[in-house]
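Sequence lines set the chain letters: A, B, ... in the order given, protein chains first and strands last, and positions in each chain run from 1.
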Protein chains: 2
Amino acid sequence: MLGDDKSAEGRFGEYLKEQDLKFTQDRRLILREISRMDEHFHAEDVVERLRGRGAHVSRASVYRTLPLLVESGLLREAPSPEKPSHYEPVVGSEHHDHMVCTECGKLIEFHDPELERLEGEICRRAGFRPRFHKVEIYGWCEECEAREAGRMEARESEGNGHGK
Amino acid sequence: MLGDDKSAEGRFGEYLKEQDLKFTQDRRLILREISRMDEHFHAEDVVERLRGRGAHVSRASVYRTLPLLVESGLLREAPSPEKPSHYEPVVGSEHHDHMVCTECGKLIEFHDPELERLEGEICRRAGFRPRFHKVEIYGWCEECEAREAGRMEARESEGNGHGK
DNA sequence: GTGGTTGCAAATGATTTGCAGTCCC
DNA sequence: GGGACTGCAAATCATTTGCAACCAC
């Protein structure tokens, strides 16, 4: 979640002012809806939830607002092997990264301060000023790895012993 | 570049066999074209270059083949703030990651063995078997940072001293 | 006031897909 | 031979956009 609405609205309001943009009713509604989500979601989810709540916010407004929320640091794009862009709330300073299982699609979140430190170090060396980052490790989760190993074993004994 | 065609074709052929897929003429042509690219590119680039070369490979085949090349480890998706998916060749074991300037779009490649080691360590702890990973750091490159700093200074003195 | 915003629906544009004919193993 | 593969063009589908009415500041 985005923490209490107060701080999120404050942050967003600040960002909008900086950009000479307005904190309209629609933007407020979208922000509030997103504050209630703590899973990953995509644009259409927001549209549906607002509809379900009886709020009159058009699809276009949602699509126009999500990028602003990303820019303001309240949201970030989550890794999505799928087509529609996925977002996730940024919880205060609690940052995490992802491992994505390419077999079953499971998403594992992790956080490692050492990794953060190292990245900062690398940026410093490159004269680069980091604002946010994304670390995605793709591979097999424990279960899929085990399943895969089993399958491989089976294939081997089949190949060695008796032909089919 | 993908190194000499031999090893790339070997690797792709192996992958295809594993998946019970065929190493067709089209797939070979696409692989060869990609072996000649060393920049980032997207699907349409491959289509155009093949066309220009007089090869009859349909757009659909290119779109169907690129994911196979990614799966086989010969290509990987590059970070793209833009819509069309971008790819880049994987050069042997030479792995690198990216810093993306959100102002000017510049892409800075970097490689850090310590970062690799640390990620491996993190995966081990999580029981996750990594196959490949992606590190993208977004922020301001040196030039944009400087420009931004200058602008901020200007704004300040404007605010303090004399009105507009 | 007046410029940014919104809603709608039409436009876009990358990617996918159905299907008949073709090719690799 | 038979299942994979290909080409084509039509279909998808998330996202964007033009424009007139509207609202925050």
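- Checked against C:dG7, C:dG18, C:dC24, the side chain of B:Thr24 finds its nearest nucleotide in C:dC24.
- In this structure, A:Leu21 and B:Ala60 both approach DNA chain D, and ranking their closest nucleotides by distance from the 5' end singles out B:Ala60.
- The separation between B:Glu77 atom CD and C:dT15 atom C1' is 12 Å, rounded to whole Å.
- Taking the six-membered ring for Trp and thresholds of 30 and 60 degrees, B:Phe12 and B:Phe23 have ring planes more than 60 degrees apart, a perpendicular arrangement.
- In this structure, B:Ser85 reaches the C:dT15 phosphate: one of its side-chain N or O atoms is under 4.0 Å from OP1 or OP2.
- Here C:dG3 presents its P atom at 13 Å from CG of A:Asp20, a figure rounded to the nearest Å.
- When the C1' atom of C:dC25 is taken as reference, atom CD of B:Glu18 falls 17 Å away, rounded to whole Å.
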For B:His98 and B:Glu136, what are the C-alpha separation, side-chain angles and deciding distance, and is it a side chain to side chain donor-acceptor pair (under 3.5 Å)?
CA-CA 5 Å; B:His98 300 91; B:Glu136 294 163 21; 6.0 Å; no

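- The heavy-atom pair separating B:Phe128 from A:Trp140 by the smallest distance is CD1-O, 3.6 Å.
- Taking the 5' to 3' direction, DNA chain D first and last meets chain B under 4.0 angstrom from a heavy atom at D:dG2 to D:dC8.
- No hydrogens or angles were tested; on distance alone, a donor-acceptor pair under 3.5 Å links the side chain of A:Arg64 to the base of C:dG7.
- Salt-bridge check for B:Glu121 with B:Arg125: passed, with a basic side-chain N closer than 4.0 Å to an acidic carboxylate O.
- Here C:dC24 presents its C1' atom at 12 Å from CZ of B:Phe23, a figure rounded to the nearest Å.
- Picking from C:dA14, C:dC8, C:dT5 the nucleotide with the shortest atom distance to the side chain of A:Arg27 gives C:dT5.
- Taking 4.0 Å as the cut-off between side-chain N and carboxylate O, B:Glu71 and B:Arg76 do not count as a salt-bridged pair.
- Atom pair B:Lys17:NZ and C:dC25:P shows a separation of 9 Å (rounding to whole Å applied).
- Checking C:dT6, C:dT16, C:dG3 against the side-chain heavy atoms of B:Tyr63 singles out C:dT16 as nearest.
- In this structure, the side chains of A:Val46 and A:Ile34 come closer than 4.5 Å at one or more pairs of heavy atoms.
- The distance between atom CD of A:Gln25 and atom P of C:dG7, rounded to the nearest whole Å, is 11 Å.
- Among the protein residues, A:His56 comes within range of the sugar-phosphate backbone only, with heavy atoms under 4.0 Å from sugar or phosphate atoms but none that close to a base.
- With salt bridges taken as basic N to acidic carboxylate O contacts below 4.0 Å, none links B:Arg51 and B:Glu48.
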